[in-house]
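Here is the naming used below: chain letters follow the sequence lines, and residue numbers restart at 1 for every chain.
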2 protein chains.
Amino acid sequence: MKRNSRLSLALHTLSHMAGEPGRVRTSADIADHAGTNPVVVRRVLGKLREAGLLRSEKGHAGGWRLAKPAQSITLADVYLALDESLVSGPASEAEPGDCRVEANLQARVTEVLDDIEASLVARLRETKITDFHPSSCSYCGT
Amino acid sequence: MKRNSRLSLALHTLSHMAGEPGRVRTSADIADHAGTNPVVVRRVLGKLREAGLLRSEKGHAGGWRLAKPAQSITLADVYLALDESLVSGPASEAEPGDCRVEANLQARVTEVLDDIEASLVARLRETKITDFHPSSCSYCGT
DNA sequence: TAATACGTAACAATTGCGGTTGCATTAATA
DNA sequence: TATTAATGCAACCGCAATTGTTACGTATTA
Ligand code: FES
Ligand code: FES
């Protein structure tokens with residue numbers, strides 16, 4: 001993966017949370033485990049909060065936790081929360097122009113890409129975030 | 001589209017060529033029509049030549065033309081010629097690490113993305129580059 | 001021999017993204 | 001109440017990828 005570092009971070013974090021749902025984690029903890037920066041973590045997790053997957057609390061004993069049962073969260077929920085659109089990028093902003101080929105191509109390619117995007121989401125919906133954490137891990141102490 | 005400007009340029013050019021297969025076009029002509037630069041055109045079309053879709057000739061009356069019947073060229077041929085991989089970017093180069101979640105996620109996501117990539121190619125293979133040029137166009141004089 | 005077109009390398013300009021710092025705000029706690 | 005510890009957010013830096021541009025060598029034709 002290259003352009004999915006946000007998605008990777010989100011999935012990685014949620015999967016760990018699914019393995020120990022009660023625990024509250026700070027963005028510093030998460031960043032440390034993921035090898036990145038607390039601000040980056042808050043940026044990404046903020047999107048997940050907007051989508052209703054996470055809750056965050058400020059202040060002394062604050063941090064992040066799941067906002068709903070881990071069993072009810074699928075990879076598609078995470079993917080959609082980030083509205084990344086892996087396949088169908090934003091439609092080309094080329095001016096209308098006089099060339100019909102341009103418009104015809106645009107229409108056809110967009111059609112195919114939208115279909116593929118829908119297939120992708122459907123496939124992602126088949127897997128829950130609870131499917132990745134091992135029953136025990138000495139590294140994260142579960 | 002945003003990150004497919006190469007693909008757009010390739011499809012646009014090939015579709016026009018399909019509408020008037022005999023004509024030889026210079027990279028300057030093509031660049032002018034596509035609103036870009038001759039060098040950019042040669043870069044992109046060079047990949048299509050490597051894939052056997054186009055032929056180019058140097059010298060005074062040189063330029064670009066189709067290397068095979070337009071009917072035999074599909075969108076998939078063009079897409080594959082550019083090896084862009086719209087969906088499944090290069091596998092993450094994260095170190096193995098001690099975290100099982102990481103590896104499990106990577107495996108699953110890669111699996112889904114590879115499937116989707118294959119579906120995309122299959123869909124693109126359904127459409128030929130002859131499907132876009134109108135029967136007559138005053139702008140390009142056909 | 002002059003003109004034309006590709007092939008390629010090198011470089012500039014732009015863009016997007018992750019990372020970083022700084023600070024305001026909020027909440028628990030000594 | 002003062003301190004500590006956490007998120008929220010804005011601003012900026014640096015890196016990498018992409019596109020655009022210039023320059024020059026090579027090949028082909030008139
Ligand atoms: S269809 Fe593109 S210029 Fe005629
Ligand atoms: S599974 Fe990731 S640290 Fe234990």
Side-chain angles (χ1 to χ4, degrees), chain A residues 1-13 17 23-67 81-86 89-90 92-94, chain B residues 1-13 17 23-51 53-67 82-90 92-94:
Chain A
M1 276 166 263
K2 171 82 63 61
R3 54 195 321 272
N4 335 27
S5 72
R6 285 192 295 268
L7 180 57
S8 293
L9 174 57
L11 291 176
H12 188 181
T13 303
M17 285 178 163
R23 179 168 161 199
V24 175
R25 294 154 201 260
T26 68
S27 57
D29 292 342
I30 297 167
D32 186 59
H33 185 67
T36 182
N37 190 288
V39 177
V40 174
V41 169
R42 290 198 287 264
R43 279 208 281 249
V44 172
L45 267 49
K47 302 282 267 183
L48 304 184
R49 182 189 49 219
E50 290 171 21
L53 304 181
L54 289 179
R55 291 174 47 204
S56 69
E57 269 147 36
K58 294 181 169 183
H60 192 129
W64 299 82
R65 80 189 72 186
L66 292 176
L82 300 178
D83 52 315
E84 297 226 313
S85 239
L86 242 51
S92 88
E93 66 282 345
Chain B
M1 275 163 264
K2 172 80 62 63
R3 54 196 321 274
N4 336 26
S5 71
R6 286 191 298 266
L7 180 58
S8 292
L9 174 57
L11 291 176
H12 187 181
T13 303
M17 286 178 163
R23 179 167 161 201
V24 175
R25 294 155 201 259
T26 68
S27 56
D29 293 343
I30 298 167
D32 186 59
H33 184 67
T36 182
N37 190 288
V39 178
V40 174
V41 170
R42 289 198 287 265
R43 279 208 279 249
V44 173
L45 268 49
K47 301 281 269 182
L48 303 184
R49 182 189 48 220
E50 290 170 21
L53 304 181
L54 289 177
R55 291 174 46 203
S56 69
E57 268 147 36
K58 293 182 168 183
H60 194 126
W64 299 83
R65 80 190 71 188
L66 292 176
L82 301 177
D83 54 314
E84 298 226 313
S85 237
L86 243 52
V87 310
S88 64
S92 88
E93 66 282 344

Name the pairs: protein N/O against N/O of nucleotides 1-5 of chain C, kept only if under 3.5 Å.
unit_1	atom_1	unit_2	atom_2	d
C/dT4	O3'	B/H60	O	3.4
C/dT4	O2	B/H60	N	3.3
C/dA5	O4'	B/G59	O	3.0

Euclidean distance, atom [atom1] of residue [X] to atom [atom2] of [N] [Å, nearest integer]:
{"X": "B/K47", "N": "C/dC6", "atom1": "NZ", "atom2": "P", "answer": "19 Å"}
{"X": "A/L82", "N": "C/dC17", "atom1": "CG", "atom2": "C1'", "answer": "14 Å"}
{"X": "A/E50", "N": "D/dC9", "atom1": "CD", "atom2": "C1'", "answer": "13 Å"}
{"X": "B/R6", "N": "D/dG20", "atom1": "CZ", "atom2": "P", "answer": "11 Å"}
{"X": "A/L9", "N": "C/dG18", "atom1": "CG", "atom2": "C1'", "answer": "11 Å"}

N or O in side chain of B/N37 less than 4.0 angstrom from D/dT21 OP1/OP2: yes
Contact under 4.0 Å: B/S56 side-chain N or O vs C/dG7 OP1/OP2: yes
Within the 4.5 Å heavy-atom criterion, are [X] and [Y] side-chain neighbours or not?
{"X": "B/T13", "Y": "B/L54", "answer": "no"}
{"X": "B/H33", "Y": "B/V41", "answer": "no"}
{"X": "A/V39", "Y": "A/R43", "answer": "yes"}
{"X": "B/L82", "Y": "B/L48", "answer": "yes"}

Just compare D/dC9, D/dT21, C/dG19 and give me whichever is closest to any side-chain atom of A/T36. C/dG19
Tightest non-hydrogen contact, residues A/W64 and A/T26, listed as CD1-C, 4.3 Å
Which atom of A/P38 lies closest to which atom of A/A31, heavy atoms considered: N-CB, 3.4 Å
Establish whether the base of D/dG20 is bridged to the side chain of B/R43 by a donor-acceptor pair shorter than 3.5 Å. yes
